[in-house]
Number of protein chains: 2
Amino acid sequence: MKTAFYISDGTAITSEVFGHALLSLFPVEFNHQTIAFVETKKKALETKEIINKVAKKSGEAPLVFHTFVNHEIREIIDSCDGVIYNFLEHFISPIEDQLGIKAMPKAHRTHSIHENTYDYRIDAVNYALANDDGGNIANYAQADVILVGVSRSGKTPTSLYLALQYGIKAANYPFIDDDMDDLKIPDFLIPHKKKLYGLTIDPQRLMDIRDGRLANSKYASARQCRMELRAVETLYKKEKIPFLNTTKFSVEEITAKILAETGLHRHKY
Amino acid sequence: MKTAFYISDGTAITSEVFGHALLSLFPVEFNHQTIAFVETKKKALETKEIINKVAKKSGEAPLVFHTFVNHEIREIIDSCDGVIYNFLEHFISPIEDQLGIKAMPKAHRTHSIHENTYDYRIDAVNYALANDDGGNIANYAQADVILVGVSRSGKTPTSLYLALQYGIKAANYPFIDDDMDDLKIPDFLIPHKKKLYGLTIDPQRLMDIRDGRLANSKYASARQCRMELRAVETLYKKEKIPFLNTTKFSVEEITAKILAETGLHRHKY
């Protein structure tokens, strides 16, 4: 199996995202290896050695995705027996020409605590946890968005992703069985109605998820799932709450759709 | 202010990561705009119109970072009045040559539910939540890693990031004031000692964080913070628990360091 290396002097997240975006276009299995925090010449030489060993043992040149701008370290990695794909290098010079200024590689690093949006993100994680699953109905004034929906429709992972990635304070409130007879927006949510965003899901997918949690329960039954979903979708339409069916979407896609539709202010790009 | 657009037929996360990595090298403020899910010619034409309006109004060509491989949509976006940076385009052909096969753009999309690691990630989020803050000491057999440390040293955001991004099941267990007199590994953690990973933090930073939570409390006092940190660091060293000082690191960096040091099996790259 071919090996792909993702290498950086930081987290290597950027190298991974771009290498993965490229390699996923090819129907080939890879052995993925990340080597992060290659910050010294010594670590760079060790890394080169690891790549060269893989090349020698497999008889195939590994693919090496990296983002080094520091010349000394870059030269060491570039001299390995792998094939080098450097994402930044190719684009820096055209952007310098476009902006009319030189890149300043040491000014700032992505994915570090020095990004000025970092505290927003940690605050938002704490907010999401404290306000998960209707945990604290007194706190909704601080919410940027309040996700509503039946149990297991994707509210919690979405609120955590909104917080961790974008610093958005997302509360979530579940509609439960007891609410269903005459489903309304609860009184304490009415002042925050403009922040509501509904999630729904296909009944079969909901049954599968709930069955994994509480097998053969009323909670996971076809009848219960269908009834709850019908009730919340009716409510969303009647109250004009924007909503999304999450069945076919990942948490990244759900989040991106909520951001696109609501225009929420993000603390990170 | 110059505008940077991040555009894609999916979440646009890849465009954002790469555009941000590049623009953060320049000491220039940008107005960032993401346009996700540009999946149709109609949406592409609307997007082109938005870019052209910004170009006209500002008198400056916006920077447009995109990842289109579909020709019809790509041609529409490429014909806008912005300057185009297409990350994938430049690298596809050299990788095709290297692998000896053609890219298959429709086979797979990154950040979608169809990635075969998606369920691991959602399971891991549920695990992290159920096992946050010592929530369920009976569940540690299923943990991939158990983060330990004093309150507010970074355990919870790190365990959520490990779960959401990498599908790693991270429990976390807090050492609290009552444990400190004679700090030991609790009996129920001893069978899982090899999974323990310690977090620590500088006393001043811990005081600041705790003071934001409970101002002027014993919990946030210099004496208490120093005492707790001294006790846990002594324990980590005595018991040879690997540990990390989180003070200067983001949740991405803490996670990358834990992955590098432990070699944990990731379900996503």
Side-chain angles (χ1 to χ4, degrees), chain A residues 6 10-14 16-18 20-22 24-28 32 34 36-37 61 63 67 69 83 85 87-88 90-92 94-95 98-99 101 103-105 107-113 115 118 121-122 125 129 132 156-157 160-161 164 248-253 256-257 259-260 269, chain B residues 6 10-14 16-18 20-22 24-28 32 34 36-37 61 63 67 69 83 85 87-88 90-92 94-95 98-99 101 103-105 107-113 115 118 121-122 125 129 132 156-157 160-161 164 248-253 256-257 259-260 269:
Chain A
Y6 309 98
T11 60
I13 291 172
T14 302
E16 288 180 356
V17 168
F18 199 57
H20 184 62
L22 275 164
S24 66
L25 299 172
F26 293 90
V28 178
H32 302 279
T34 296
F37 304 106
L63 277 57
T67 54
V69 280
V83 190
Y85 304 98
F87 307 132
L88 294 185
H90 176 71
F91 291 96
I92 284 178
I95 293 179
Q98 180 61 29
L99 298 178
I101 48 172
M104 292 172 61
H108 181 97
R109 215 158 65 189
T110 50
H111 301 117
S112 88
I113 202 170
E115 295 197 305
Y118 188 70
R121 292 167 55 210
I122 298 303
V125 170
L129 290 171
D132 183 39
T156 297
L160 292 171
Y161 197 84
L164 264 172
K248 296 207 171 81
F249 298 123
S250 69
V251 66
E252 286 88 345
E253 290 172 314
K257 282 177 189 284
L259 291 175
Y269 265 85
Chain B
Y6 309 98
T11 61
I13 291 172
T14 302
E16 288 180 355
V17 168
F18 200 59
H20 185 63
L22 275 165
S24 67
L25 299 172
F26 293 90
V28 178
H32 303 279
T34 295
F37 305 107
L63 278 57
T67 55
V69 281
V83 190
Y85 304 97
F87 308 133
L88 294 184
H90 177 71
F91 290 97
I92 284 178
I95 293 179
Q98 179 61 28
L99 298 178
I101 48 171
M104 291 171 61
H108 182 97
R109 214 158 67 189
T110 50
H111 302 117
S112 88
I113 202 168
E115 295 197 307
Y118 188 70
R121 291 168 57 211
I122 298 303
V125 169
L129 290 172
D132 182 40
T156 298
L160 291 171
Y161 197 85
L164 263 173
K248 296 206 172 77
F249 298 123
S250 70
V251 67
E252 286 89 345
E253 290 172 314
K257 282 176 189 286
L259 292 174
Y269 266 85

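Keep in mind it's a predicted model, so treat the numbers as computed, not measured. Any value given below was found using the heavy atoms of this structure, including those in side chains, with hydrogens, waters and symmetry copies removed. Naming: A, B, ... by sequence-line order, numbering from 1 per chain.
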All side chain to side chain donor-acceptor pair (under 3.5 Å) counterparts of B:Thr14, not counting sequence neighbours: none
Contact origin within A:Leu22 toward chain B - heavy atom pairs under 4.5 Å: both
Quick check for you: among B:Tyr161, B:Phe249, B:Phe87, which has the greatest number of heavy-atom pairs under 4.5 Å with chain A? B:Phe87
Interface moiety of A:Ala21 toward chain B, non-hydrogen atoms closer than 4.5 Å: both
So, the part of A:Leu259 with a heavy atom under 4.5 Å from chain B: the answer is neither
For chain A, the option from B:Leu99, B:Ile13, B:Val28 that forms the most heavy-atom pairs under 4.5 Å: B:Leu99
Scored by heavy-atom pairs under 4.5 Å with chain A, the best of B:Val251, B:Val83, B:Ile95 is B:Ile95
Can you name the closest pair of heavy atoms from A:Glu252 and B:Tyr118 and give their distance? OE1-CE1, 4.4 Å
Quick one: of A:Thr156, A:Ile122, A:Leu129, A:Val125, who has the most non-hydrogen atom pairs under 4.5 Å with chain B? A:Leu129
Chain B contact via A:Ala61 - which portion, at a heavy-atom distance below 4.5 Å: both
What orientation do B:Phe18 and A:Phe91 show, parallel under 30°, tilted 30 to 60°, or perpendicular over 60°? perpendicular
With a 4.5 Å limit on heavy-atom distance, are the side chains of B:Gln98 and A:Phe26 in contact? no
Pick from B:Pro157, B:Ala12, B:Ala260, B:Ala103 with the largest number of heavy-atom pairs that fall under 4.5 Å of chain A: B:Ala103
State which residues pass side chain to side chain donor-acceptor pair (under 3.5 Å) with B:Thr67; sequence neighbours excluded, sorted by chain then number. none
Nearest heavy-atom contact between B:Ala256 and A:Phe37 is CB-CE1, 3.6 Å
Examine whether an atom of B:Leu160 lies under 4.5 Å from a heavy atom of chain A, and if so say whether it belongs to the side chain, the backbone or both; otherwise answer neither. both
Can you tell me which of B:Arg121, B:Lys257, B:Lys248 forms the most heavy-atom pairs within a distance under 4.5 Å of chain A? B:Lys257
